[in-house]
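In what follows, a single structure is set out as structure tokens and then discussed.
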Amino acid sequence: METTYTLKIFRGTPGNQYWEEFELQRHPQANVISSLMEIQKNPINKKGEKTTPVAWEQGCLEEVCGSCSMLVNGRPRQACTAIIENYLKASKSHIITLAPFTKFPLIRDLCVDRTSMFEALKKVRAWISVDGTEDTGQFGPPISQEVQEAMYVLSTCMTCGCCSEACPQVSEKSDFMGPSAMSQIRFFNANPTGALEKSERLNAALSKEGIAGCGNAQNCARVCPKNIPLTESLSLIGREATKQAIKNFLGLPDAKK
Ligand code: SF4
Ligand code: SF4
């Protein structure tokens, strides 16, 4: 078995991206982040030239924060859980490619600016407004076990951007906010207190950045590392948004606040 492998990294700054290769020793437990750290300690490329350390983003290192998202062998995922040995064995190649996401503005090397995702969360009011004046009882309004379970998986979204990266409808030419924001509308509307702002969220889904942008290719659900049922969320929000549009047309009042 070869004792080394090559990390081939698409790096650089906007308008000046290029591939650079690094040869690294194989370690059974190495993942993409630990391999990038090895390069950082000794930034010498495969040609033996001294180069700049590769820039990347990381946070929790346990696939919860979503900050280390990148393309590993062309597929969006978190670098922290991308085990080098698994890739080498599955691809039967000694080369692994790393590249930054393409649907977000590039900062440098593997770092992109995912601000658009957080802006989308603001647009869909991805929070529960509590002004402190209502009496919610000791534990707030009850939520059935069934609804809690459905909500739990939706709550695991880490705004990592894999779904938007895979979605053919998210592009510079489209205003679509992307599937995760639509799924968060479902999550916050499922909460009894959050439901008080259901119509505001559905009106955001009816905007030009909303659900009409989804072409139902379902790539998003295939790449979500948290297995969030995005296809289900998108079709549910599509139906709910249609009902909201009819309500708007007929001038019916919103949910009582
Ligand atoms: S189902 Fe909609 S959101 Fe998901 S990848 Fe397709 S177009 Fe994008
Ligand atoms: S829905 Fe899944 S893929 Fe999309 S941002 Fe959330 S965790 Fe990431």
Side-chain angles (χ1 to χ4, degrees), residues 32-33 56-82 98-105 110-127 149-191 194 201-202 204-242:
V32 166
I33 297 282
W56 77 93
E57 226 189 315
Q58 66 177 57
C60 69
L61 298 182
E62 52 184 2
E63 210 174 67
V64 173
C65 78
S67 64
C68 67
S69 303
M70 60 182 73
L71 294 168
V72 181
N73 277 358
R75 194 179 161 93
R77 64 163 299 155
Q78 282 65 60
C80 64
T81 49
L98 305 182
F101 276 180
T102 58
K103 303 286 176 81
F104 302 91
L110 300 169
C111 301
V112 295
D113 179 358
R114 286 178 298 128
T115 300
S116 59
M117 295 204 70
F118 299 99
E119 289 300 321
L121 292 180
K122 286 193 220 165
K123 285 173 195 154
V124 302
R125 299 178 76 81
W127 60 80
E149 281 169 18
M151 285 171 72
Y152 177 72
V153 67
L154 304 176
S155 78
T156 61
C157 176
M158 51 188 169
T159 326
C160 68
C162 290
C163 51
S164 288
E165 179 66 20
C167 174
Q169 303 297 113
V170 173
S171 77
E172 278 174 4
K173 292 184 193 138
S174 133
D175 294 315
F176 183 37
M177 282 184 266
S180 61
M182 298 300 109
S183 192
Q184 290 304 292
I185 295 178
R186 178 186 177 195
F187 174 55
F188 284 98
N189 283 356
N191 180 290
R201 295 195 192 91
L202 291 174
L206 282 170
S207 74
K208 67 180 173 38
E209 297 155 301
I211 193 70
C214 169
N216 201 27
Q218 303 184 12
N219 294 9
C220 52
R222 286 184 206 112
V223 298
C224 175
K226 296 296 180 186
N227 293 321
I228 294 173
L230 290 169
T231 312
E232 202 181 285
S233 292
L234 290 159
S235 59
L236 185 136
I237 294 304
R239 290 196 301 276
E240 294 274 302
T242 305

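No experiment lies behind these values; they were computed from the predicted model shown. Atoms within a ligand are numbered from 1 in the order they appear, just like the ligands themselves. This chain uses plain numbering: 1 for the first residue, then up along the sequence.
Side-chain contact check for Ser69 and Gln78: at least one donor-acceptor pair (N or O, by modelled atom type) lies under 3.5 Å.
Closest heavy-atom approach to atom 7 (S) of ligand 2 within the set Arg222, Met182, Met158: this belongs to Met158.
Under the 4.0 angstrom criterion for non-hydrogen atoms, Gly161 is in contact with ligand 2.
Closest to atom 2 (Fe) of ligand 2, if we only count protein heavy atoms, is Cys224 SG, 2.4 Å. In terms of protein heavy atoms, atom 6 (Fe) of ligand 2 is closest to Cys157 SG, 2.4 Å. Atom 8 (Fe) of ligand 2 has as its closest protein heavy atom Cys160 SG, 2.3 Å.
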Start with the C-alpha gap between Ser164 and Phe104, add the side-chain angles, then the distance that decides, and say whether side-chain contact (heavy atoms from CB on, under 4.5 Å) holds. CA-CA 9 Å; Ser164 288; Phe104 302 91; 4.0 Å; yes
Assess the residue pair Glu57 and Arg114 against the criterion (side-chain contact (heavy atoms from CB on, under 4.5 Å)); give the C-alpha distance rounded to whole Å, side-chain angles, the decisive distance to 0.1 Å, and a yes or no. CA-CA 11 Å; Glu57 226 189 315; Arg114 286 178 298 128; 4.3 Å; yes
Could you tabulate the donor-acceptor pairs under 3.5 Å formed by side-chain atoms of residues 175-184, not counting sequence neighbours?
from, atom 1, to, atom 2, distance (Å)
Ser183, OG, Ser233, OG, 3.0
Gln184, NE2, Leu154, O, 3.1

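The ligand atoms of ligand 2 that sit less than 4.0 angstrom from a heavy atom of Cys162 are 3 (S). Atoms of ligand 1 lying under 4.0 Å from at least one heavy atom of Phe176, given by number and element, are 3 (S). Every atom of ligand 2 with a heavy atom of Ser180 under 4.0 Å away is listed here by number and element: 1 (S), 4 (Fe), 5 (S). Taking every heavy atom of Pro225 and a limit of under 4.0 angstrom, the matching atoms of ligand 2 come to 3 (S).
The structure places CZ of Arg222 at 7.5 Å from OG1 of Thr231, a figure rounded to the nearest 0.5 Å. Atom-to-atom distance recorded for Arg125:CZ and Ile185:CD1 is 11.5 Å, nearest 0.5 angstrom. In this structure, CG in Leu71 is found 9.5 Å from CG in Leu110, a value given to the nearest 0.5 Å.
Annotation: side chain of Glu240 is not in contact with side chain of Arg186 (no heavy-atom distance under 4.5 Å). The side-chain heavy atoms of Pro100 and Trp56, taken from C-beta on, include no pair separated by under 4.5 Å. Residues Asn227 and Thr156 are not in side-chain contact: their nearest non-hydrogen atoms beyond the backbone lie 4.5 Å or more apart.
Counting only protein N, O or S atoms closer than 2.8 Å to atom 4 (Fe) of ligand 1 gives 1.
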